[in-house]
Amino acid sequence: MIKKVTGMIGKLSIRNKLLLTFLFLILVIAVGITVSLRFYNQRFIQNMVLEKNRQMMQEMDAEFNSIYDKIDQVYISISNQELYRIFLKPEDDAATDFQVIQKELQYKNMVRDLINTNNLQKYVDGTLLSVNTDTWTCVGAGNVNRDFDIASADWYGRLRDSSTGRLIYGPLVEDFKAANIRKNEVFYFMRRWHIPQNSGVSTGESPFILFSIKSSVFIDIFRQFSGDTKTVLAMDGEGNVIFSVNMEEDTGEEILALMKAHKQELEEQGAWFNKRWAITRMRNEKFGWEICSAESTRDTFRDMNRLIRNIYLIILTAGAAAILLALYLTRKIIMPLADLNRMMDQIEEKDVYLDVKSQDELGQIGARFNRMKRRMQEMAEKMYLSVMQEKEAQISALQAQINPHFLYNTLDNIYCIAQLEGSEDIIRLTENLSNMMRYSMSMKDHYVPLVRELEHVKSYVDILNVRFDDSITLQIRVDEEAKEILLPKLSLQPLAENAWNHGILPKAGHRGVIRFQVSVEGEDCLIRVEDDGIGISPEKSDELNLAMQEICYDTTVSESGSGIALRNVNNRIMLEDGEGYGVRLYPGEEGGCLVVVRMRRYRGETEPVAKKES
């Protein structure tokens with residue numbers, strides 16, 4: 001049976017297979033959603049909401065305990081440092097006001113340092129140190145009311161009656177502060193101060209340390225975790241609300257009534273839930289507070305009912321959408337294959353490319369095919385350019401070699417006459433010109449030793465110095481590793497010509513220095529040509545460098561008329577060595593222009609060094 005069904009499916013067309021697949025997926029989705037709805041009920045929502053609220057309560061409880069532990073640590077540190085010795089140190093009758101102030105600053109700074117060390121400066125508004133009702137002081141912002149009677153304060157009486165020697169009291173407005181200053185709503189964190197009796201404290205006195213903690217600290221913690229929807233409140237052991245957030249009048253009484261009615265369930269399970277409210281309770285043992293949160297579940301159940309009503313509508317529309325999607329996808333998949341097959345017949349034409357409109361796998365295949373064809377055309381154009389440039393160079397050389405012996409003999413005659421006449425300038429001119437002509441017209445070698453290229457540059461510069469009264473100082477430095485390398489013929493003279501025409505000649509006085517430096521970097525040869533001429537702007541150098549990143553197919557000579565310009569040199573290097581090589585221009589660090597030429601390092605038989613070593 002299975003084989004029969006499999007055989008029938010195998011005979012279907014691609015479009016029918018896709019359609020059948022989508023229909024099967026719709027059936028699976030419908031069954032899955034129906035099964036899921038059986039479990040998507042009140043218990044699921046209850047567990048989700050209560051678990052989230054319990055996690056929130058635990059995080060708030062951890063924040064409260066962290067504040068409590070830090071304050072407790074400050075109290076322990078104050079007790080261990082025997083601060084009472086400084087605080088109770090008797091003042092000599094002859095003590096000056098400065099000594100009294102110095103003593104007060106000493107113990108106050110100790111308290112401040114302990115508070116800052118425990119990162120409590122944003123929590124603690126003030127610290128009250130009291131030995132008895134007459135000997136007390138406050139460390140913190142704001143002036144204190146020196147007439148304040150500690151013994152009459154309700155919190156002091158409760159602290160004395162406390163069996164643990166600890167008390168958290170509040171919220172209240174700071175009652176020991178002066179009347180003319182702004183007072184904050186705070187909680188008092190109090191502990192008895194254990195001072196040895198040998199320090200002068202009588203048995204009937206009750207020393208204590210009081211930390212004034214801002215109420216906003218706890219409210220901010222509630223707001224951080226409750227957001228804008230949850231009602232969070234803290235109650236004391238008697239069920240009185242100490243403070244709360246997001247507790248409105250119309251819902252606050254209902255929440256408190258529910259908490260009272262289900263008090264036992266909240267104490268045993270920590271949570272209570274119905275279709276209107278989810279209430280969570282947790283007791284903070286250190287503060288002695290009960291922290292409760294109440295969240296409305298009405299919206300959650302409303303969303304669930306709306307989901308159930310809409311789910312079947314989705315199932316019904318999914319079938320029609322799936323059929324349309326199947327038809328659309330089959331067109332997107334099958335039609336491009338047909339187009340690709342048809343265009344393959346036309347791809348041999350030069351300017352015909354595949355029309356890629358999508359980004360899927362078929363679109364990627366078409367894009368790669370177009371890139372492959374472009375690269376093949378670029379390679380063909382480069383080969384054509386190389387052949388054309390070689391032919392043009394040969395034609396130019398043949399045109400320049402019209403009766404070369406006649407030119408050489410004429411130059412030799414001029415040279416002999418100049419020697420007889422004793423004209424050193426004419427001797428230099430004819431000798432250098434003759435050397436340059438023989439070197440440039442020779443078509444024997446495409447790559448020549450570095451020393452021959454440098455001699456050609458020297459002859460060119462010497463001719464310019466005869467004409468312009470020794471205006472150019474030529475400096476050449478060649479690293480030891482670079483002395484044996486080979487260079488493309490006539491690749492250095494255009495660099496010197498560029499430095500003269502565009503750097504030194506426009507300069508006032510027409511005088512300057514041209515520096516050649518040839519070095520080796522790994523498998524590459526690096527040639528740096530620097531002049532102290534008028535220089536080049538960063539914008540111009542960027543423009544030229546951008547143009548020379550690609551091979552220029554314009555084979556005309558440069559504007560200077562040299563025949564082999566910088567662009568020609570760059571083209572020849574890129575054709576031979578590939579991308580990443582060629583000529584680049586930069587502004588000099590101290591003015592002038594810096595030309596950097598990077599090419600592969602050739603040695604003997606014009607093969608790259610890396611290729612030879614391999």
**Student:** Testing Thr231, Leu258, Asn53 for side chain to side chain contact (heavy atoms under 4.5 Å, CB included) with Ile279, which one passes?
**Tutor:** Leu258
**Student:** State, yes or no, whether a side-chain contact exists between Leu167 and Phe208 at a heavy-atom distance under 4.5 Å.
**Tutor:** no
**Student:** Side chains of Met190 and Leu210, heavy atoms from C-beta outward: is any pair under 4.5 Å?
**Tutor:** yes
**Student:** Run the side-chain donor-acceptor check on residues 216-226: report pairs under 3.5 Å with partners two or more places apart or on a different chain.
**Tutor:**
unit_1	atom_1	unit_2	atom_2	d
Ser226	OG	Phe222	O	2.8

**Student:** Are any side-chain N or O atoms of Ser215 and backbone N or O atoms of Glu185, one a donor and one an acceptor, separated by less than 3.5 Å?
**Tutor:** yes
**Student:** According to salt bridge (charged side-chain N to carboxylate O under 4.0 Å, His left out), who are the partners of Lys507, at least two apart in sequence or on a separate chain?
**Tutor:** Asp532
**Student:** Does any non-hydrogen side-chain atom of Trp289 lie less than 4.5 Å from one of Phe243?
**Tutor:** yes
**Student:** Does the pair Asp113 and Asn109 meet the rule for a side chain to side chain donor-acceptor pair (under 3.5 Å), with working shown?
**Tutor:** CA-CA 6 Å; Asp113 289 343; Asn109 287 335; over 6 Å; no
**Student:** Over 60° means perpendicular and under 30° means parallel, so classify the ring planes of Phe176 and Tyr188, tilted if in between.
**Tutor:** tilted
**Student:** Mind checking whether Cys525 and Val518 have side chains closer than 4.5 Å, heavy atoms only?
**Tutor:** yes
**Student:** Decide side-chain contact (heavy atoms from CB on, under 4.5 Å) for Arg477 and Arg515; before the verdict, give the C-alpha distance in whole Å, the side-chain angles of both, and the deciding distance to 0.1 Å.
**Tutor:** CA-CA 8 Å; Arg477 190 178 74 183; Arg515 301 180 185 89; over 6 Å; no
**Student:** Could you tell me if the side chain of Leu266 sits less than 4.5 Å from the side chain of Glu290, heavy atoms only?
**Tutor:** no
**Student:** Under the criterion side-chain contact (heavy atoms from CB on, under 4.5 Å), I'd like the reasoning laid out for Val186 against Leu172: C-alpha separation, chi angles, the key distance, then a yes or no.
**Tutor:** CA-CA 6 Å; Val186 296; Leu172 76 163; 4.3 Å; yes
**Student:** Take atom CD in Glu253; do more than 12 heavy atoms of anything else shown fall under 6.0 Å from it?
**Tutor:** no
**Student:** Check whether any side-chain N or O of Asp236 sits under 3.5 Å from a backbone N or O of Gly288 as a donor-acceptor pair, and report yes or no.
**Tutor:** no
**Student:** Which residues pass the ring-ring contact (aromatic ring centres under 6.0 Å, His included) test with Tyr68, not counting sequence neighbours?
**Tutor:** Phe189, Phe287
**Student:** Counting only pairs under 3.5 Å, give me each side-chain donor-acceptor contact of residues 139-155, with atom names and distances, residues two or more places apart or in other chains.
**Tutor:**
unit_1	atom_1	unit_2	atom_2	d
Asn145	OD1	Asp147	N	3.2
Arg146	NH2	Trp136	O	3.2
Asp149	OD1	Ala151	N	3.3
Ser152	OG	Asp149	O	2.8
Asp154	OD2	Arg158	NE	3.2
Asp154	OD2	Tyr169	OH	2.7
Trp155	NE1	Asp175	OD2	2.8

**Student:** Not counting sequence neighbours, list each pair that qualifies as a side-chain hydrogen bond (donor to acceptor under 3.5 Å, both in side chains) and has a residue in residues 577-597.
**Tutor:** Asp524-Tyr581, Asp577-Tyr602
**Student:** For atom CD of Glu481, decide whether the heavy atoms of other residues, nucleotides or ligands shown that lie under 6.0 angstrom number more than 12.
**Tutor:** no
**Student:** Applying the salt bridge (charged side-chain N to carboxylate O under 4.0 Å, His left out) test to Glu521, which of Arg598, Arg601, Arg600, Arg528 qualifies?
**Tutor:** Arg598
**Student:** Salt bridge (charged side-chain N to carboxylate O under 4.0 Å, His left out) with Lys286: which residues, sequence neighbours excluded?
**Tutor:** Asp69
**Student:** Within the supplied structure, the quantity of interest is the number of heavy atoms (other residues, nucleotides, ligands) at a distance under 6.0 Å from Glu550 CD; does it exceed 12?
**Tutor:** no
**Student:** For Asp61, is there any backbone N or O sitting under 3.5 Å from a side-chain donor or acceptor partner on Asn65?
**Tutor:** yes
